[in-house]
S.K.: 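A single structure is presented below for examination.
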Amino acid sequence: MNKKFSIVIIVFSLLLIIWLGMGVGDNELPYVTIDELSEDYSNKPGKRFRIGGIVYQGSVIVDEKDPLLTNFILEQEKKFMKVSYHQILPDMFKDGSEVIVEGIFDGEVFFADNLMTKCASKYEGDLRDAAQGSEKI
Amino acid sequence: MPIFGDLTLSISLGLSLITIVLSIIYIVTKDKRFFFTSERTILSVCFLVFLSTFSLFSSLLNSDFNVDYVARYSSIETPIIYKFTAIWAGQSGSLLFWLFILSGYVALVVIQNKNKHQKLMPFVIITLSSIQLFFLILVNFVANPFIPAEANFVIENGLGLNPLLQNPTMAIHPPILYLGYVGFSVPFAFAIAALCSKELNTSWLQTIRRWTLFTWLALGIGILLGGWWAYNELGWGGYWAWDPVENASLMPWLTATAFIHSIIIQEKKNMLKMWNMILILITFTLCIFGTFLTRSGIVSSVHSFTASSLGPIFLAFVFLILFVCIYLLITRSKYLKSEKKLESFASRESGFLFNNVIFVSICFAVFWGTMFPVFSEAFTGSQITVGPPFFNQIIIPISLILLFLSGIGPLLAWRKTSKESLVRNFSIPSILGLVVVLIGILMGLIGLYPIITTFLCAFVFFTIVIEFWRGIKVRNNKYNENIMIALLNMINKNRSRYGGYIVHLGIVIMFIGFIGKAFDIEKESSLRIGESIFLSNYKITLLNLRESERPNHYAWIADLEVEKDGKIISTLVPEKRVYFHKNETPDRRQPHSELSIFSTWREDIYSIFGGIDTEKDLLSIKIMINRLVKLVWLGGYFVLFGTVIALWPKKSLKRI
Amino acid sequence: MYDLIQIIQNFVPHFMIILTFSIVLIFSIQPLFWNLTNIKFNNSNKVDSLELRKLSIYEQIKELELEFDMGNISDYDFKRNRLELVNEVSEIIEKIK
């Protein structure tokens, strides 16, 4: 009986591994750089990517007609990419903040359906803010 | 005071080393005096850690900004309760808090087991002391909460606590989660002690049964509170996002759940000794691994601490634990053989075994998905993440099997169940389950998973109800008790059994809540005053936009009126707040959306203030209708209640 | 006079710290000087574990009876399991004696 059990468990584990593999195949989301993105997107149009960078200073434009539509430029080590995002922005999103976007690329604009600002609990300010200028004796 | 705190930490470090040495001397020489001394020294370590934590708290209370930690995580205006929670708000403080809870547990274990378990205790003390030592090294040399502020200027006020954390749930969520995480040190220590001393009969398990159950409960409630906080504060409309930090706490919970099921078999049948050992060792390792995940920044997450030098140290500790465990398991494997064998697939034993296999599978799937970016980067060079869709796709079907098992478990007899009783026990709940599904479909239930889940929930629900009913009938016939008294007596006489059923009932209720997730709807839109959004059978109208300056923030407030089928049922007031609005550098100002939720058993109307265009008086807003969310929290209460019943001490074991 | 008070006041916290640590130290090392000849230990670990096993089987018999009364298990399963448990417990009682 114990042997039968082992067989059942082994079969189950194999199924699990196949199942996991399928899950990864269906949902993989490569984390790429802007360079890699412009190479990769043509191979697999419509594939979703994930890309990180900094919101370029002064590039955030909220659409005139549709205030939910935001366009900005993502900077990644002197490389730039236009990003379009049509949802409510997270609280911590602003000029110069570090963001990760997920979505598809059409060769020119990255259409993000998910935008994350990095680390809300990274709340470690500079102690100099707390000091009011006076030198310690 | 900070100097005192620092000093106590250094002295405890020395003392905990001494404890380990004394215990080893005792094991070698068998001179009992060394053992008693090691008991005393480990208690002293605990006492000193308490003192040190209190001295950090008193520094926070007195706003002693000469301490870096105090200046960073509190300010003069911070209310006292949040000065208390500031103890675990930052990296170093939370490590001290870990140590504080660990020391509380250690003191309890040592006092409770005085003059008991002669062979186990020295090893228990060594193991617990080593864990303490690890954390003492961290708070002494890597992240000391008492280091003075570096600034060469006078700090007049601290930075204050992150407003997101200034929330009552956030005040109790971390301590409860830590109670869970840290609590597994105790069963772990007993397991190691049993392995080292070769005292591998079941008595160590019985000592830690209630510990494990309590710790399991604390971890579960901690996870649930985290979800509750995310749902009510973070504003993305859900309670679970498969974030690495959430996964880190889920993994040990899963293996611990497997453990509390499989120890029942060991207690009753003396089987699965090796397996139980592996489970509890893995559970503790996962606790440490989880701490590593949250602190190393190795996988990006919404709410981890800042990346720090702690990562490698924790990883090294994880490998050390793994090494010790594997070594002990291999060398002791011959003592861990079971005398008995499984007899049939249709037995309670095999039900428990499959339950275990599935819990471990889910844990592995969560681990795989969480670590996939790291693995893929190591093997292919490019980081590939798998998001929430992966977890949902993989884990929903597996967890449905688990739900099914929790229904058939009680229907199976130990050792072997005959066919007739299987058919008899299965038929009624299955038929009732199908009836519920039919009613559900008539009411608009669609989709494969929702239908299967509904069936299984109904099935499990009815098996449990039938169990209760049959038990009551027995007492009713035997002792002629009326239904209420029979119910109470029945639960009282078999607490772990019926407590367990109540926990299962809670899980079923939670799963019904999860079904609701499939029917959520949402809409984002921009509104002027007087305009409305239509969603499902609700009409939501923007009545007014206000502004208000409050003591620590500036707020824009939207007044929304909710109409259902033409009747006004509620008003919602989501806000956009800016904390530190007076700060001159705009970067330091911290915006925060305060949600407004109207909650009923059927559904929650969830409103998020997206943004405001002050020139045009245009509000962008997101409205979500989240179904059955309240049931998830209700299920949590059932789990709590059931576990408390199972935990309630028995008066005496001897009365038969 | 004032100076003396000042000195004492300054010393008090240090004194308290030293006192705390001394108490901890004395508490810790005290057992090293105990005379252990007249302290007895119960070394009945083996019997204890058998005792526990016995109680566990009694509980199992009780639970089995409950399940049988509830109608969850068949007559045959009940009799077989019960016999097995009773045999096991009588073996254990033999060993304890």
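Lettering follows sequence order; numbering is per chain, from 1.
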S.K.: Side chain, backbone, both or neither: which part of B:I398 has an atom under 4.5 Å from a heavy atom of chain A?
M.R.: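 For B:I398, side-chain heavy atoms alone lie under 4.5 Å from chain A.
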
S.K.: Using every non-hydrogen atom in the two residues, find where B:E524 and A:I88 come nearest and quote the distance to one decimal.
M.R.: OE1-N, 2.9 Å

S.K.: Given heavy-atom pairs under 4.5 angstrom as the criterion, report whether the side chain, backbone, both or neither of B:P397 touches chain A.
M.R.: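 B:P397 touches chain A through side-chain heavy atoms alone.
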
S.K.: Quick one, B:E377 with A:Y31, criterion side chain to side chain contact (heavy atoms under 4.5 Å, CB included). Give me CA distance, side-chain angles, the key distance, then yes/no.
M.R.: CA-CA 10 Å; B:E377 193 166 20; A:Y31 193 72; over 6 Å; no

S.K.: Counting heavy-atom pairs under 4.5 Å with chain A, which one of B:S620, B:G369, B:S593 comes out on top?
M.R.: B:S593

S.K.: Heavy-atom distances under 4.5 Å only: say whether B:S350 touches chain A with side chain, backbone, both or neither.
M.R.: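 Answer is both: backbone and side chain atoms of B:S350 are under 4.5 Å from chain A.
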
S.K.: When rounded to the nearest 0.5 angstrom, what distance separates OG1 in B:T385 from CZ in A:F49?
M.R.: 11.5 Å

S.K.: Contact part of A:V8 toward chain B, heavy-atom cut-off under 4.5 Å: side chain, backbone, both or neither?
M.R.: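 For A:V8, side-chain heavy atoms alone lie under 4.5 Å from chain B.
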
S.K.: Does any backbone or side-chain atom of A:E102 lie under 4.5 Å from a heavy atom of chain B? Answer side chain, backbone, both or neither.
M.R.: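 The answer is neither part of A:E102.
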
S.K.: Got a sec, which residues hit side-chain contact (heavy atoms from CB on, under 4.5 Å) with A:F12, two or more places apart in sequence or on another chain?
M.R.: B:V357, B:I358, B:S361

S.K.: For B:F372, is it the side chain, the backbone, both, or neither that has a heavy atom closer than 4.5 Å to a heavy atom of chain A?
M.R.: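 Looking at B:F372, just its side chain touches chain A.
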
S.K.: Quick one: CE on A:M22 to CD1 on B:I394, what's the gap to the nearest 0.5 Å?
M.R.: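 Rounded to the nearest 0.5 Å, the CE-CD1 separation comes to 7.5 Å.
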
S.K.: For B:L618, is it the side chain, the backbone, both, or neither that has a heavy atom closer than 4.5 Å to a heavy atom of chain A?
M.R.: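 Side chain of B:L618 only, per the 4.5 Å heavy-atom cut-off to chain A.
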
S.K.: Using non-hydrogen atoms and a 4.5 Å limit, figure out which bit of B:L353 sits close to chain A: side chain, backbone, both or neither.
M.R.: side chain

S.K.: I need the minimum non-hydrogen distance between A:V24 and B:W368, along with the two atoms involved.
M.R.: CG2-NE1, 3.7 Å

S.K.: Can you see which heavy atom on A:E28 is nearest to which on B:V386, and at what distance?
M.R.: CA-CG1, 4.2 Å

S.K.: Among the options B:G611, B:S525, B:P389, pick out the one with the most heavy-atom pairs lying under 4.5 Å from chain A.
M.R.: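 Going by pairs under 4.5 Å, I would pick B:P389.
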
S.K.: Measure distances from A:L20 to the heavy atoms of chain B and classify the residue's part below 4.5 Å as side chain, backbone, both or neither.
M.R.: both

S.K.: Considering only heavy atoms, which portion of B:F391 lies under 4.5 Å from any heavy atom of chain A: side chain, backbone, both, or neither?
M.R.: neither

